[in-house]
Amino acid sequence: MKHPTTTPTAPLAARLLCWLLVVVGAAALGDARQWLGTTFPGFFLMPNRVVPSAGLPGWAGGRDGRPVYHHVLLAIDDVPVASTADAY
């Protein structure tokens, strides 16, 4: 006698979840590849050029008591920055 603990849809749901994870992983990998070989400025920027609160206490700025979080990046080396793409 079989136990009714599993349903026929359980394996289908598990397979769909696995495929979804594969697709999301492949998309993340494809997106991450664009950053290979690029220069990292030492901080992150949101699309509106604001430096988000992402850092550790030992990182520069926070360690010196002058965090740069929530400031808008306006220029780099006196060159105006109009977008996040310009900064990177």
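Reckoned from all heavy atoms, side chains included, excluding hydrogens, waters and symmetry mates.
Residues meeting the side chain to side chain donor-acceptor pair (under 3.5 Å) test with Asp78, sequence neighbours left out: none.
Counting only residues at least two apart or on different chains, the side chain to side chain donor-acceptor pair (under 3.5 Å) pairs with a member in residues 16-33 are Asp31-Gln34.
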Do Cys18 and Leu21 pass the side chain to side chain contact (heavy atoms under 4.5 Å, CB included) test, and can you show the C-alpha distance, the side-chain angles, and the key distance before you say yes or no? CA-CA 5 Å; Cys18 286; Leu21 292 174; 5.7 Å; no
Run the side-chain donor-acceptor check on residues 43-51: report pairs under 3.5 Å with partners two or more places apart or on a different chain.
unit_1 : atom_1 : unit_2 : atom_2 : d
Asn48  : OD1    : Val50  : N      : 3.3
Arg49  : NH1    : Leu73  : O      : 3.0
Arg49  : NH1    : Val81  : O      : 2.9

